[in-house]
Number of protein chains: 2
Amino acid sequence: MVARPKKRVKRSAPTMEDVAKLAGVSRALVSLVFRGEPHVSTERRERVLNAAAELNYRPNAAARALASHTNKTLGIMLQDLHDAYFAEVFEGIAVEADSHGYRLLIGTGGRRPEDEERTVESFLEYRVDGVILVSSMIDDSKLVGISQQVPTLVTGNYIRVPSIDTVNADNQRGAELVVNYLFELGHRRILHIDGGVELSSRPRSAAYWHAMEALGLTPHVIMGGYAEKGGADAAESILKMRRRPTAVFAFNDRVALGAMDRLEQGGITFPNEMSIVGYDNTLVSSLHPINLTTVNQPREEMGRLAVGTLIDRIDSHRQSAVHHTLQPTLIPRGTTRRIPVRSKTKQGSPRITTV
Amino acid sequence: MVARPKKRVKRSAPTMEDVAKLAGVSRALVSLVFRGEPHVSTERRERVLNAAAELNYRPNAAARALASHTNKTLGIMLQDLHDAYFAEVFEGIAVEADSHGYRLLIGTGGRRPEDEERTVESFLEYRVDGVILVSSMIDDSKLVGISQQVPTLVTGNYIRVPSIDTVNADNQRGAELVVNYLFELGHRRILHIDGGVELSSRPRSAAYWHAMEALGLTPHVIMGGYAEKGGADAAESILKMRRRPTAVFAFNDRVALGAMDRLEQGGITFPNEMSIVGYDNTLVSSLHPINLTTVNQPREEMGRLAVGTLIDRIDSHRQSAVHHTLQPTLIPRGTTRRIPVRSKTKQGSPRITTV
DNA sequence: ATGAAAGCGCTAACAA
DNA sequence: TTGTTAGCGCTTTCAT
């Protein structure tokens, strides 16, 4: 036998009115207290707070937003939290937003521009105070359109208009670091597996290209992607080459790992027969059995900076853009090594030697 | 010389009133159209839609929420998106919420109950339609309190009250799978590195304990944690043991990886001298150089199921709890092997042999 | 099928 | 320092 509930409590949550009544003050006074206004007598403040506590009152964010035209909320568009890159940028965003008292509305775009736009649309309905688009694939012109409706910051995008702030890691510098490092180790046949349609792929591969030419080397780029699969596919092509590279610069760590995996199956050992460099310095890359040479990007800092910059625009009504570019650093680890000086003879594809 | 902007546009966004005026209908009719009500003549509908498009009108979610007492938003509390476990559960949540037309308000608790409570408090101010708490460390009694204010679903928690729905993976079964598997491979000295204060640590270690005893073996649990560090510390103790285990069952993949790393530095090779099993089947565990035997939990499915169950409670006003328990599966890979039958003699700690 | 009007719970002048 | 009073932009009866 199930007991029929006897409750006869007021169904909906208490309002400011209820608190005011119980405390014997006006609604406006309650509002002042809850907004932390200084010019309220301690006595009344106490009364209000007590009444609120007694009723378990909690301000209604929607009502507040409607009346005040601000909701202390930021919309964050990410492609995919599965990916360590986004997760870590987000971590920085969360920390900084929290310290400024902002809430986060989050949406994922899944690298599909239409989905991204739907997400942003949803942010706009919410009338968020600002939006951050991480590695958005939305057209520049549409981005500008968005920025005219809400304070906007993008990261991973190189757009330069007054209405959009940006935070980026210097992809160009990162690629240069890799090429020069490999060159100094004696490598000359350095191949690049790019990021496919990924946003930062273009700047990285272009920088790779330039750095190679500046060193008098022949660039060689093959198509990759943003994840392991892209690396594995690229590895497939590499295995078929008659004259394989001595070093590979992968778009990111995941691609590098995918490539290594496949190349090792093909009998190539790292770093003995080939060197490889990733990008991102994800946690996995540092694990001992992997120990991948890579490039660090200050992702959490990017996230924090993004929020700080955006909130600055919101607060100051700044009309000009701020652009931050953070510097990456090379993290040399175990998958790269100096190329041994050897006689001109063994020029063909390297024989596979069992160690 | 910076040109002074000449714009004289209406500053704030257009409202329903504006649309109504332009379309020559009442505000209520516009509302009907935007809520997709069927009983509107096609002609008027068109007019409204056109007017809205012309003005670039977008409904105000706060106003809507205030008037309708619902906002099609779910609050999601996660500990830390950095962690693949949470990221993947979230992925499932995001997909399912999207397909039901719900937005997500997200907050992280960082494994600090006070922060979790602040996050939930914020959800309540928003008057979200429901909340999902992933691996919350909030007291059961407080969870009950929350569930009285908003439809609530928890995952990772075994609480059983009518007001809270739950979604869990069967941690007990997972631990049994591991112990039995190792037993079948001939292992008898199976040590468990637990998850420390982590929520699912208790059920897993308890199940390990029972499974061991059921097999007539002596359980041995040492303290770990939820990340690499915990594993490394535990490995330190293992290296000091005079009679080392032949197999280790780690709380999760990260702990396993941390432990392996440290143990390998101590000269132990896997799986030759020791077997090790993780938990979670994170992407890293599948990478070739790691190739960790582990237990898979259907994380995305957990996320999807959580949202589906919660929305069901919201829609149906269900007053009784629904509990889902999903089954884990063992993923045998390269870090475990059958123990070789050997003479009773070599019982001491294994000599370290260079391969 | 459509319109009129009363809120939803709060903030923001303005008065007092 | 505190109270009064319009709204904020929408939904929701209730008429028609």
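Residue numbering restarts at 1 for every chain, and letters A, B, ... go by the order of the sequence lines. A quick note: this is a predicted structure, and the numbers were derived from the prediction, not measured.
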Among the nucleotides D:dG9, C:dA5, D:dT2, whichever has the atom closest to the side chain of B:Ala63 is D:dG9
D:dG9 phosphate, OP1 or OP2, under 4.0 Å from A:Tyr126 side-chain N/O: no
Below the 4.0 Å mark, does D:dT1 have OP1 or OP2 next to a side-chain nitrogen or oxygen of A:His39? yes
Strictly by modelled atom types, are A:Arg111 and A:Ser135 linked by a side-chain donor-acceptor pair under 3.5 Å? no
Assign B:Arg44 to base, sugar-phosphate, or nothing according to its heavy-atom contacts below 4.0 angstrom with the strands shown. sugar-phosphate
What's the separation between atom CG in A:Leu143 and atom OG in A:Ser141, rounded to the nearest 0.5 Å? 8.0 Å
Output yes when at least one side-chain N/O atom of B:Ser68 is less than 4.0 Å from OP1 or OP2 of D:dT12, else no. no
Just call it for B:Val25: base, sugar-phosphate, or nothing, with non-hydrogen atoms closer than 4.0 Å on any strand. sugar-phosphate
Can you see whether B:Thr166 engages B:Arg160 through a side-chain donor-acceptor pair at a distance of less than 3.5 angstrom? yes
Take A:Ile146 and A:Ile138 through the test side-chain contact (heavy atoms from CB on, under 4.5 Å) and record every step on the way to the result. CA-CA 10 Å; A:Ile146 292 166; A:Ile138 296 176; 4.2 Å; yes
Among C:dC10, C:dA4, C:dT2, find the nucleotide with the atom closest to the side chain of A:Arg64. C:dC10
Of all the choices, C:dT2, C:dC10, C:dA6, which nucleotide is nearest to the side chain of B:Leu29 once you look at every atom? C:dT2
